[in-house]
Structure formats: C-alpha cells, structure tokens
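Every chain is numbered from 1, with letters handed out A, B, ... down the list of sequences. A quick note: this is a predicted structure, and the numbers were derived from the prediction, not measured.
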2 protein chains.
Amino acid sequence: MSWRHGSAGRGHGRAYHHGNLREALIEAALALIAENGPLGFTFAEAARQAGVSPAAPYRHFRDRDQLLADIAQQGFGHFEAALAQAWNQGAPDPMTAFCNIGKAYLEFARTQPGYYAAMFEAGITLEATPELRDVSDRAFGILRAAAERVTANLPAQQRPPALMVALHVWSLSHGIASLFGGRNAVRRGLPMSPEDLLEAGVLVYLQGLGISRQSSETKF
Amino acid sequence: MSWRHGSAGRGHGRAYHHGNLREALIEAALALIAENGPLGFTFAEAARQAGVSPAAPYRHFRDRDQLLADIAQQGFGHFEAALAQAWNQGAPDPMTAFCNIGKAYLEFARTQPGYYAAMFEAGITLEATPELRDVSDRAFGILRAAAERVTANLPAQQRPPALMVALHVWSLSHGIASLFGGRNAVRRGLPMSPEDLLEAGVLVYLQGLGISRQSSETKF
DNA sequence: CGAATGATGTAAATGCTACTCACATGAACG
DNA sequence: CGTTCATGTGAGTAGCATTTACATCATTCG
C-alpha cells in the first residue's frame, strides 16, 4: 500500500516488497559514494533513497562493509572488462594497446568514481573474500598478459620479468589516478591531462626497456 | 582534583587542566590511525585515551576533520624533511640521491603509517587550507628540484620538462606505496620488496630518458 | 591582595548512525 | 486453505559528532 519507489528508480521491474531492493541499494550507494566519497555513504541514507526502513538492508547485506565489498567486487568485474576491451588482444599493435590499457584505467577512475572509490578508497582489504581477490587478480592479469606480449620481442638477456613491468605500469596508473584523477582531483597546476601524463610516462618507461614505437609521434 | 592522565602518558609536562591536551590528542589519533586506518579513529576515543571528556577536544580543534587536517599538515612537514634528507643536495651523486628520495617515500609510508594515512588515505582535500597546500607543495618541490638536477645534463633537444619527470616519479612512488606499502599492504605475491620495485622502475624510467648510471649495479 | 577575565574542561542533551530482535506481511507452495 | 519462507517494519541499544550551559582555575589588573 505504501511502498513508494524512492526517487531515482527507472520505473520498472518492481515486484512486491519493493522487488529488487538489493540492486536499488547498490545504485543508491554508488551515487552517494561518487558524490561524497566512501565516507559520505550511509547505510541508512541508502535505505532512505530506496524508500525502505533502515533495517531492511540487513536482509540483503550482512553489514555496511559487505555492501561496500560487493560494490567493489562488481566494480572489479567492470574494470576487468574495460581493461580487456582496451587491450583488445594487442590490436592494432601491442604498444598502442598497452597505452590504451592505461587510458582505460584513468577513464574508469573518472567515469566510475563510485566503483573506483569502493575499490581503492574505501577501507576494504581486497583479501576480505576469495571472490574479491579473484576478480581483482583477473583484472591485473590482463595487464600482466599485455606486459608479457609487449616484452616478448626483446632478446632474452635484456628482457625484464613481465610481472615487474605490469606492476610498474599498474602502480604508475594507480598513482596518477589517486593523485590527479577521479574525485578529489588534486590538480596542483598539472601542465597536462592525467591521460597524457600517464601515456608519456609509459612511453618513457618502455623506451627504458628498449621498446620504442616505430614512429615516435608523441614527444612530451 | 580528578584529572587522571589517561593511560599512555609519559608522566611529565602536565600543567593544570591536563596541560597539553592538543599534543596528547594528536598522539592518540596517530596511534589509532596507524592501527586501524583513518576510519578506525574516533574523536571520542582519542579524548578517552587522553583522559578527558568527549567535549574537551573541541577547545583545540573545530571538528574531527580539522584534527585530521592538522595531523596531515604536520605529517607533510616531516615528509618534506625526510625527502630533503634523502636527496641530500644530490650527494653522493644525483642519480643515487634521486632513488633515495623514492626509498624515503616508501620508508615514510611504512614507518609513519599514521601520518601517511592522514595525508593520503583520509578524506581531506589538500586544498582545504592554504597551509596544507603550501607544505605539500614544498614537499613536492624537493622532488621537482631533484628532477631538475637529474635532467640538467641532457642535451636541450631531448631534455624533458622536470615537472613531468617529478610527477612521474611521484606517481609511481605513490602508487607503489598505496598498493603494496604501509598498511593494508595488498602483497599479491610481490616478487620483490616495494623498495626494490620502485628503484627498478625509476632506473628503467631514467634509462628511457637517456640517463644511465655509470656503473649499472642493480639489474632487476 | 582580591576580583574580573579568559582559557580550558565537564555534564547533559540532540541527532545521526550501525546494528539487533521481535513481529508483520505477503508470496509461493503444499 | 493453511503452512512456510523471504522480505520488510518498529522499536530498542549503543556509539559517535557536535553544541550549549556551566564549572574551574591561572592570570592579569586595579
């Protein structure tokens, strides 16, 4: 008789007792986190936006942290898909595709601030659940496979461990995203966009490994 | 009459009304943050550890966020000092000193988890107060000056902007520290220590810029 | 010396939050 | 039609941030 549909609902798919509370809560939490960071998200506020009582969410999540962990897990799934699409199996060429992964990293941080914050800026430990660990490992695995491919043509003597290369690029991407991308966005007089900063860094790094682009188009 | 001294006090320096509550609160907050992260720190708990009522802290800090901001500001001061000492005006040689800055970055994250978390993992915006902005700029300025020095000997045509180099190294250091260093410490089967990972990355990067160490000691 | 003053701390209250438990409601299924 | 299970509600507990009125004490000034 009185289960009003919150506010931002899409207007379909409700069954009885609000229908899909679980998804509605996740959506509300994503919006709240995207706006105010992980701390600005409140279990009670999410329930309010979904139009249910403050106790209702506990039928779907053990506690607040588990909702965050579930969002992070789902986010890593999307993250993995975005990285895989950017890599595109190394097309058009491994070097370009490698840089595209970095760009996808930053784009994800910028366009999915809710997911990104839940994944990296909330307090969750990544080792919390095996599923979370697995899906984050899969996302990183794409970067690692790409590093393997990019370094494959180097002579064995000077070929670095692909894992190390992947860790370097991941760390650089994550550092740039944390410091200058997404929310908070320190923007301390950045002379270039985060994307360009990252691409330049990766190119210099690859050059240091002895991998140079055939036609060096971008030069600082 | 009854101003018991909390628990962890050093047993000196108290005047009347507890004496230096401000410092005691900062110390308590640092310990709490170092243990449980920025979220595990409670204004009330800090007051409890200092042996005062929950309202007392408001005589010294406008609110909880300002205490965090003050800690972050103080932390950036120590951070600047640590980086400056590591750089040591470019001694023994600029390249080694440059790597030392990176190591100091990670060492700070590891040995000062309370400060580090307040600086980078709490929700504060760095632009909150001009003082905070200034002191963080000073810390970064050390890295930038070092980058200037390291790239100074390159021929003008291939010399990159020092600012960009500093941003790259800062981002890499910060990414490694966030992902693998300090608290949380994802440790996803790291094949090497964060310090070694960072040093290797910086060396590859510098090599990509055309700067190589005279005697290449470390090779992956 | 003694009283006003300002700095520092307290008690109590408000409102929000996480979380729990006993109960209600309605859907599905026998 | 009645039982059962899933889902939501109401009320309660406990903790925290924050405010306000009040207390206490050091200092300063007449």
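Taking side-chain N and O atoms only, B:His60 has a distance below 4.0 Å to OP1 or OP2 of C:dG9.
When each of B:Arg62, B:Arg64, B:Arg22 is checked for a salt bridge (charged side-chain N to carboxylate O under 4.0 Å, His left out) with B:Asp70, only B:Arg22 meets the rule.
The nearest whole Å value for the distance from the CD atom in A:Gln49 to the P atom in C:dT17 is 12 Å. The distance from atom CZ of B:Phe61 to atom C1' of C:dT8 is 14 Å, rounded to the nearest whole Å. As rounded to whole Å, 17 Å separates atom P of C:dT17 from atom CG of A:Asp65. Whole-Å rounding puts the A:Asn36 CG to C:dC16 P distance at 16 Å. Across the protein-nucleic acid pair, A:Leu68 atom CG and C:dA18 atom P stand 10 Å apart, rounded to whole Å. Nucleotide D:dG8 holds its P atom 4 Å from the CG atom of A:Leu21, rounded to whole Å. In this entry the distance linking CG of A:Leu39 with P of D:dA17 reads 12 Å, nearest Å. Distance B:Asn20 CG to C:dG9 C1': 14 Å, rounded to the nearest Å.
Atom CD in A:Gln66 sits 11.5 Å away from atom CD1 in A:Ile124 (nearest 0.5 Å). Going from atom CZ of B:Phe98 over to atom CZ of B:Arg149 covers 12.0 Å, rounded to the nearest 0.5 Å.
Axis angle, first five pairs versus last five pairs of the helix from C:dC1-D:dG30 to C:dG30-D:dC1: 10°, rounded to 10°.
For B:Phe79 and B:Phe140, the distance between ring centers is not under 6.0 angstrom.
Out of D:dC22, D:dT18, C:dC23, the shortest distance to the side chain of A:Arg59 is found at C:dC23.
Residue contacts shown for B:Pro54 include a base, since a base heavy atom lies under 4.0 Å away.
Donor-acceptor pairing under 3.5 Å is recorded for the side chains of B:His174 and B:Tyr105. Between the side chains of B:Tyr115 and B:Gln74, at least one donor-acceptor pair of N or O atoms lies under 3.5 Å.
Checking side-chain atoms of A:Ser136 against main-chain N and O of A:Arg133 turns up a donor-acceptor pair under 3.5 Å.
Applying the 6.0 Å contact sphere to CD of A:Glu131 captures more than 12 heavy atoms from other residues, nucleotides or ligands.
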Give me, pair by pair, the N or O atoms of the protein and of nucleotides 10-16 of chain D that are less than 3.5 Å apart, along with how far apart they are.
| residue | atom | partner | partner atom | Å |
| --- | --- | --- | --- | --- |
| D:dC16 | OP2 | B:Arg48 | NH2 | 2.9 |

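With salt bridges taken as basic N to acidic carboxylate O contacts below 4.0 Å, none links A:Arg138 and A:Asp134.
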